[in-house]
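Have a look at the structure that comes next, please.
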There are 2 protein chains.
Amino acid sequence: MTNIQEVARVAGVSTATVSRFLSGQTVRSGEAIQNAVRTLGYSPSVVARSLKSGRHGAIGVIVPDITNPFFAALVKGINHEVRASGYQVILGNSDEDAPQEEALLAALTQRTDGIIIAPLVEGDLSLVRLEKSRTPVVLVDRDITFATRFDRVLVDNLSGSRQAVEHLAALGHRAIAHIGGPLGSTPGRARHEGFVAAMERLGLPVRQDLIRISDFREEGGRDSMRDLWNQPDRPTAVFIANNLMTIGALNALHVLGARIPHDISVVGFDDVALAELLDPPLTVIRRPDIEQGAASARLLLSRLEQDFEPDASLSQSHRITLPVQLVVRGSTSAPAHREREQE
Amino acid sequence: MTNIQEVARVAGVSTATVSRFLSGQTVRSGEAIQNAVRTLGYSPSVVARSLKSGRHGAIGVIVPDITNPFFAALVKGINHEVRASGYQVILGNSDEDAPQEEALLAALTQRTDGIIIAPLVEGDLSLVRLEKSRTPVVLVDRDITFATRFDRVLVDNLSGSRQAVEHLAALGHRAIAHIGGPLGSTPGRARHEGFVAAMERLGLPVRQDLIRISDFREEGGRDSMRDLWNQPDRPTAVFIANNLMTIGALNALHVLGARIPHDISVVGFDDVALAELLDPPLTVIRRPDIEQGAASARLLLSRLEQDFEPDASLSQSHRITLPVQLVVRGSTSAPAHREREQE
DNA sequence: GTGAAAGCGCTAACAA
DNA sequence: TTGTTAGCGCTTTCAC
């Protein structure tokens, strides 16, 4: 790789002049430098620049599972928002694995100027040390219990669960099951809590035998659903805490020969691309995904701008909560065997 | 951020000794250094290390669209394979946009030791200069027309198209439409060529009015399908070149009230998670996705190892082609109105 | 406007 | 085994 010295030599100037020219200052020998740069195919070393300046021109994004369409859409929203800012978006996938997340976080904080992260769990240890540093961090979709310094963009999970339960209850369901995500994570915990709270508020029984805490993955949803189905006293409806588990559960029900919604009503959290084309179309709690990414990117970018100003530390941390919405399609109906409920 | 000098000062040794200790050599004052590191919360600057050593401990992955489940799965395969190697995987999403791809490539080649990329087009200009450098590059899923230096992991697109056409022809279809991707990209070109070649080999008419070249995106598939459906002389079957366009096309047919496969048979390229739960279940060409990522990662990692050896440049570039497979489900059947074909 | 020189944090000779 | 020192490529004072 050619370096700035060589350019300086070819152009017959000092490295300082080349550097100035490259940063947009007007210099006498601009043309000669331009030529030298082109001839040598020179481009400045971002590593050396980073070392010197402490800035990287990049922001890091860490998601727990890039194969989850929700996070893919989130990233899309971030990309779109950051595009014009001059920053590069660098993405890391922790694959729902704590050691990987920790390694990623260490790697990306050293290579970027700020981080957008959906932490694995609310007690995420690898974020503790970050709180003391001055790196701007935005938590997206998943909260942590400490770190008041960080900005946050979340969705109203409690409301989502409530809408799902109220919808099912209004149809006449009492034996409503829940397949939840890890209770250590924000969406897992909040959707579970919202489910329990809504059931209690409506005077419906919260039956532990109808609650399965799983892992936000397709296989987990499949196994949990199969398990619920094989109970002696089956539920007439199920509320599933994310898209991948819903897909798994639908596959399980398909294999088991269950008829939806006749045998069981299904509400998923997160819309999916094909929801309307499923047999039957899927009733879901829908939430903004691209917009959630965009909001977190805007928050981070404004922090980065702020960093250049003296009174940076004064500004409060922001917390944005986006609304969610029930979308009723064909996978929910009144329970077929109402009499079973009377036992 | 504390640096190595401070650690040295606290431990009462020189920076060189600290550096040696950190790189695993045995030093007399190891314990004191260990303590200083812990107390100060020190971790070495990867930027400074990179500048000094020229190595980054990371590999870059550039995909055209992270919201495409195929690429998400590809990334998963890469992650899984790289996990134990000590390298970090850093991901970039070019969003099917050439300037973004170029910027990403520039950014990642400077921050990583090697690149896995699915280039936008076969004449990708931003890869030209990389060929001259010594950065290891693996092309995955999409080829380029130059650059014999690079390794490649592709799938047998021609065979995929042939299998799709033969399946439809065997059912009795003659008016087979094709919704293709950009002809400048490998999968777009190869699947289109495969379609035309298979049609000709079977003596079926290749009707230009039944071919739409689109963009691999959901909206493109939807628009193309609507367009085909509104033709005076409709096709009885359609072969669609990727998953996202297939989803778009299915949505369009749903809105138009078309019955699948009665009114039109559909074959998609790429399996989708919910294919079996669709109404009707979707017939597709399936290909290995995770495995394709894993293969490209293995190729890159072996290049990186090679780089430490003297005769690195001697080794040939590799080319791996993975097979694809027709999966027949419910979206294909014999055409309903055979008589229309006789006109 | 320009050049000399210091230094960002680290590692690898080279001496001791 | 350890310390001294040079230097990776760049930017930015400070003199001129």
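We name chains A, B, ... by the order of the sequence lines, and we start the count at 1 in each one.
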Spacing of A/I33 atom CD1 relative to C/dT2 atom P, expressed in whole Å
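Computing the A/I33:CD1 to C/dT2:P distance gives 8 Å.
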
A/T145 side chain to A/E122 side chain, donor-acceptor N/O pair below 3.5 angstrom
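No - no donor-acceptor pair under 3.5 Å links their side chains.
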
**Message:** Just to be sure I understand the rule, does A/S53 reach a base, reach only the sugar-phosphate, or reach nothing, if contact means heavy atoms closer than 4.0 Å?
**Reply:**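 Since no nucleic acid heavy atom lies under 4.0 Å of A/S53, the category is nothing.
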
Notebook entry, point to check: Between A/R55 (CZ) and D/dG9 (P), how many Å, whole number?
Noted result: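 Answer to the nearest Å: 23 Å.
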
Q.
Five pairs per end, C1' atoms only: what is the angle between the end axes of the helix from C/dG1-D/dC16 to C/dA16-D/dT1, to 10 degrees?
A.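 Its terminal axes enclose an angle near 40°.
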
| message | Judged by each residue's nearest nucleotide on DNA chain C, which is more toward the 5′ side, B/L51 or B/A16? | response |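 The answer here is B/L51.
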
Is it true that a side-chain atom of A/R83 and a backbone atom of B/Q100 form a donor plus acceptor pair closer than 3.5 Å?
->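 No: the side chain of A/R83 does not pair with the backbone of B/Q100.
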
* Asked: Which part of the nucleic acid, if any, lies within reach of A/V47 when heavy atoms closer than 4.0 Å are counted: base, sugar-phosphate only, or nothing?
  ->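 No contact at all - A/V47 keeps every heavy atom at 4.0 Å or more from the nucleic acid.
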
Exercise. Mind calculating the distance between NZ (B/K52) and P (D/dG7) to the nearest angstrom?
Key: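 In whole Å, D/dG7 P lies 9 Å from B/K52 NZ.
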
- Item | Given B/T109, B/I117, B/L105, the one that forms side-chain contact (heavy atoms from CB on, under 4.5 Å) with B/V137 |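 The side-chain contact (heavy atoms from CB on, under 4.5 Å) with B/V137 is passed solely by B/I117 among B/T109, B/I117, B/L105.
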
Exactly one of B/T321, B/L299, B/L139 should register a side-chain contact (heavy atoms from CB on, under 4.5 Å) with B/R152. Which one does?
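Going through the options one by one, the only one that passes is B/L139.
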
Could you give the NE2-to-P distance, from A/H56 to D/dC10, as a whole number of Å?
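Rounded to whole Å, this separation is 16 Å.
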
Does OP1 or OP2 of D/dT11 have a side-chain N or O of A/R20 closer than 4.0 Å?
->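 Result: no.
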
Is the shortest side-chain heavy-atom distance between A/E96 and A/L120 below 4.5 Å?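 Yes, their side chains come closer than 4.5 Å.
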
Practice prompt. Let me know the distance between CD of B/Q25 and P of D/dG3, rounded to the nearest Å.
Written response: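 Taking CD of B/Q25 and P of D/dG3, I get 13 Å after rounding.
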
- Between D/dT2 atom P and B/L22 atom CG, what is the distance in whole Å?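 It is 13 Å, rounded to the nearest whole Å.
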
- Message: I'd like to know if A/R217 pairs up with A/D95 as an ion pair, taking the criterion as any Lys NZ or Arg NE/NH1/NH2 lying under 4.0 Å from an Asp or Glu carboxylate oxygen.
- Response: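 A/D95 and A/R217: salt-bridged.
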
Check: Just checking A/S29: base, sugar-phosphate only, or nothing, at a heavy-atom cut-off of under 4.0 Å?
Finding: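 Since only primed, P, OP1 and OP2 atoms lie under 4.0 Å of A/S29, the category is sugar-phosphate.
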
Select from A/Y42 and B/T15 the residue whose nearest nucleotide in DNA chain D is closer to the 5' end of that strand.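 Nearest-nucleotide comparison on DNA chain D picks B/T15.
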
Going by heavy atoms in the side chains, are A/D65 and A/F216 under 4.5 Å from each other?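 No; the side chains remain at least 4.5 Å from each other.
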
With a cut-off of less than 4.0 Å, is there a side-chain N or O of B/S45 near OP1 or OP2 of C/dG9?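 No, because none of the side-chain N or O atoms of B/S45 sits under 4.0 Å from OP1 or OP2 of C/dG9.
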
Practice item. Consider the side chain of B/N3, meaning its heavy atoms from C-beta on, and name the nucleotide among D/dT1, C/dG3, C/dC10 that approaches it most closely. Key: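 Minimum distance to the B/N3 side chain belongs to C/dC10.
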
- Message: Applying a 4.0 Å non-hydrogen cut-off, can you work out what A/F21 is touching in the nucleic acid: base, sugar-phosphate, or nothing?
- Response: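 Touches nothing.
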
Can you see if the side chain of A/T17 gets near the phosphate of C/dT2 - specifically, an N or O under 4.0 Å from OP1 or OP2?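 For C/dT2, neither OP1 nor OP2 has a side-chain N or O of A/T17 closer than 4.0 Å.
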
Do B/T186 and B/D141 come close enough that some side-chain heavy atom pair is under 4.5 Å?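 Not touching, per the 4.5 Å side-chain cut-off.
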
- request: Mind calculating the distance between CD1 (A/I4) and C1' (C/dG3) to the nearest angstrom?
  value: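 Distance check: A/I4 CD1 to C/dG3 C1' gives 13 Å.
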
Point to revise | Length of the line joining A/R49:CZ and C/dG9:C1', which is rounded to integer Å | key: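 Rounded to whole Å, this separation is 19 Å.
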
